[in-house]
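Contents: one structure, followed by commentary.
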Amino acid sequence: MAIVVVGSVALDSITTARGTYPRRLGGSATYFSLAARRSTTVRIVAAVGGDFPPSLRRALRHPRVDLAGLAVLPGKTFRWAGRYSEDFASRDTTGLWLGVFETFRPHLPPQARSSSSVFLANIDPRLQGLVLSQVERPRLIAVDTIDHWIRHERDALLKLLRRVDMIFLNEEEAQLLTQARSHRAMGAWLRRAGPSVIIIKQGWYGAVGWCGRSMVWVPAYPVDETVDPTGAGDSFAGGVLGVLDRAKRIDGNLLRHAMLYGSVIGSFCVEAVGVAGLRRLTTVKFERRLANLKRISGLRV
């Protein structure tokens with residue numbers, strides 16, 4: 001059992017009311033992998049430049065993380081800089097340097113091609129389709145996207161959705177894509193587009209999901225303080241797919257359990273700057289928080 005994730009490994013510069021934190025390990029594939037590795041093996045397919053610090057590569061190393069697909073290319077590593085409002089209600093991108101990511105064309109190593117699951121992080125849907133042409137027979141293909149691709153590559157995205165089993169979106173993205181106003185209408189539209197498993201993230205309020213026609217909802221874990229929400233969505237996705245990758249069959253109850261798992265992992269992500277919260281997460285802390293989330297939400301899974 002293994003998930004191949006195709007996305008970015010980046011250098012982030014994050015500014016909050018507390019201060020600025022430059023050159024932190026980031027990227028969609030990074031957050032996803034640090035979350036999913038708790039449950040299953042993860043194979044990263046991404047590219048960094050020659051300037052990528054060896055210390056950050058070591059931070060990715062783990063018995064359950066395969067770095068064979070992490071290419072080091074001539075040039076600069078993808079960099080992102082962002083500033084959050086004091087209450088984290090909004091975020092402005094203050095800098096974006098694609099570097100080697102501008103010409104990145106995913107190439108899956110032989111072992112990655114036989115992975116049981118695929119996670120297509122929020123890159124160009126044409127590149128996501130290129131990945132699917134390289135995998136063999138995965139049991140689960142999940143995709144994430146953002147408003148940029150919905151606005152500018154809608155046709156390519158809709159074509160891709162016919163080839164995937166699962167999609168992650170936030171509420172704004174789901175409304176933009178479906179032009180629907182209710183969660184039920186959004187879910188019905190997305191099912192017709194292709195995916196049978198759908199998750200719409202609601203930020204502070206949790207997430208709503210569908211497995212076929214079964215609709216489930218889980219709350220976000222109530223953290224004492226948000227320090228940095230960067231990567232929370234990818235961490236949530238990693239937690240969810242880490243659970244689903246091990247399953248022979250997905251139903252509503254399993255999806256709810258996986259979403260609870262993802263909600264808890266996402267809560268540890270936002271409590272520290274960058275990936276620090278995920279890196280120092282222990283099994284004891286995780287299990288305690290998962291049990292607490294089930295208790296306060298009244299869910300028994």
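These values consider heavy atoms only, across backbone and side chains, with no hydrogens, waters or symmetry-generated copies.
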Given 3.5 Å as the limit, does a donor-acceptor pair link the side chain of Thr77 with the main chain of Gly49, or not?
yes

Heavy atoms from other residues, nucleotides or ligands near CD of Glu102 exceed 12 (cutoff 6.0 Å)
no

Output yes when a side-chain donor or acceptor of Ser116 lies under 3.5 Å from a complementary backbone atom of Ala2, and no otherwise.
yes

Counting C-beta onward and ignoring hydrogens, is there a side-chain heavy-atom pair between Asp147 and Glu172 closer than 4.5 Å?
no

Ser263 side chain to Leu260 backbone, donor-acceptor under 3.5 Å:
no

So, do Pro109 and Val45 sit near enough that their side-chain heavy atoms are less than 4.5 Å apart?
yes

Using 0.5 Å steps for rounding, measure from the NE2 atom of His148 to the CD1 atom of Ile123.
12.5 Å

Output, in order, the C-alpha distance, side-chain angles, deciding distance and verdict of side chain to side chain donor-acceptor pair (under 3.5 Å) for Asp234 and Ser28.
CA-CA 6 Å; Asp234 291 305; Ser28 56; 4.9 Å; no

Just by modelled atom types, is the Ile200 backbone N or O under 3.5 Å from a matching donor or acceptor in the Glu171 side chain?
no

Are Leu169 and Trp149 connected in a single hydrophobic cluster, I mean Ile/Leu/Val/Met/Phe/Trp/Tyr linked by side-chain heavy atoms less than 4.5 Å apart?
no

Is there a path of hydrophobic side-chain contacts, each under 4.5 Å between heavy atoms of I, L, V, M, F, W or Y residues, that connects Phe168 with Ile146?
no

Using a 3.5 Å distance criterion without hydrogens, assess whether the side chain of Gln111 forms a donor-acceptor pair with backbone atoms of Ala68.
no

In short, Ser33 meets Val5 closest at the heavy-atom pair OG-CG1, 3.6 Å

Under 4.5 Å between any side-chain heavy atoms of Val6 and Gln128, yes or no?
no

Does Ile198 share a hydrophobic cluster with Leu158, counting links as ILVMFWY side-chain heavy atoms below 4.5 Å and allowing steps through other members?
yes

Is the backbone N or O of Leu108 less than 3.5 Å from a side-chain atom of Arg113, with the two atoms forming a donor-acceptor pair by type?
yes

List the atom of Ala47, the atom of Leu70, and the distance in Å for their closest heavy-atom pair.
N-CD1, 4.2 Å

Looking at every non-hydrogen atom in both residues, tell me the closest pair between Ala46 and Val9 and how far apart they are.
CB-CG2, 3.8 Å

How many angstroms lie between CZ in Arg105 and CG in Leu127, if you round to the nearest 0.5 Å?
5.0 Å

Could you report the tightest heavy-atom contact between Gly26 and Tyr31, atom names first, then the distance?
CA-CE1, 3.9 Å

Do the side chain of Gln179 and the main chain of Leu176 share a donor and acceptor less than 3.5 angstrom apart?
yes

Given Val273 and Arg18, is the side chain to side chain contact (heavy atoms under 4.5 Å, CB included) satisfied, shown in steps?
CA-CA 10 Å; Val273 176; Arg18 290 178 169 223; over 6 Å; no

Look at the side-chain heavy atoms of Ile, Leu, Val, Met, Phe, Trp and Tyr, link any pair under 4.5 Å apart, and say whether Leu73 and Phe101 land in one connected group.
no

Go through the steps to decide whether Thr230 and Trp80 satisfy the test side chain to side chain contact (heavy atoms under 4.5 Å, CB included), and finish with yes or no.
CA-CA 11 Å; Thr230 308; Trp80 172 82; 4.2 Å; yes

Would Phe104 and Phe78 satisfy side chain to side chain contact (heavy atoms under 4.5 Å, CB included), going step by step from the backbone distance to the final call?
CA-CA 10 Å; Phe104 174 55; Phe78 172 54; over 6 Å; no

Under 3.5 Å: donor-acceptor pair, side chain of Ser85, backbone of Ser90
yes

Do Asp228 and Tyr84 make a side-chain contact, defined as non-hydrogen atoms from C-beta onward lying under 4.5 Å apart?
yes

Could you check whether Tyr261 and Phe286 have their ring centres less than 6.0 Å apart?
yes

Please find the pair of heavy atoms, one from Arg279 and one from Leu34, that lie closest to each other, and give the distance.
CG-CD1, 4.2 Å

OG1 of Thr41 to CZ of Arg43: how many Å apart, nearest 0.5 Å?
7.0 Å

What is the distance from atom CG of Asp66 to atom CD1 of Ile3, rounded to the nearest 0.5 Å?
13.0 Å

Where the side chain of Arg64 meets the backbone of Arg38, is there a donor-acceptor pair that is under 3.5 Å apart?
yes

CG (Leu140) and CG (Leu244) are apart, to the nearest 0.5 Å, by 6.0 Å

Less than 4.5 Å apart, side chain to side chain, heavy atoms only: is that true for Arg181 and Gln175?
yes

Side-chain contact, heavy-atom cut-off 4.5 Å: Thr226 with Trp204?
yes

Can you tell me if Arg289 uses its side chain to pair, donor with acceptor, with the backbone of Ile265 under 3.5 Å?
no

Under 4.0 Å between a side-chain nitrogen and a carboxylate oxygen: does that hold for Glu271 and Lys285?
no

Gap separating the CZ atom of Arg24 from the CG atom of Asp12, nearest 0.5 angstrom
10.5 Å

Joint cluster assignment, Ile296 & Met259, ILVMFWY side-chain distance < 4.5 Å:
yes

Could you check if a side-chain atom of Phe52 sits within less than 4.5 angstrom of a side-chain atom of Leu25, using non-hydrogen atoms only?
yes

Atom CZ of residue position Arg139 - does it have more than 12 heavy atoms of other residues, nucleotides or ligands inside 6.0 Å?
yes

Check Thr16 against Val227 and note the closest heavy-atom contact, atom names and distance.
CG2-O, 3.7 Å

Show your working on side chain to side chain contact (heavy atoms under 4.5 Å, CB included) between Ile199 and Leu255 and close with a plain yes or no.
CA-CA 9 Å; Ile199 293 181; Leu255 180 62; 4.1 Å; yes

Do Arg154 and Leu177 come close enough that some side-chain heavy atom pair is under 4.5 Å?
yes

side-chain contact (heavy atoms from CB on, under 4.5 Å) partner of Phe119, chosen from Val131, Leu241, Asp245:
Leu241

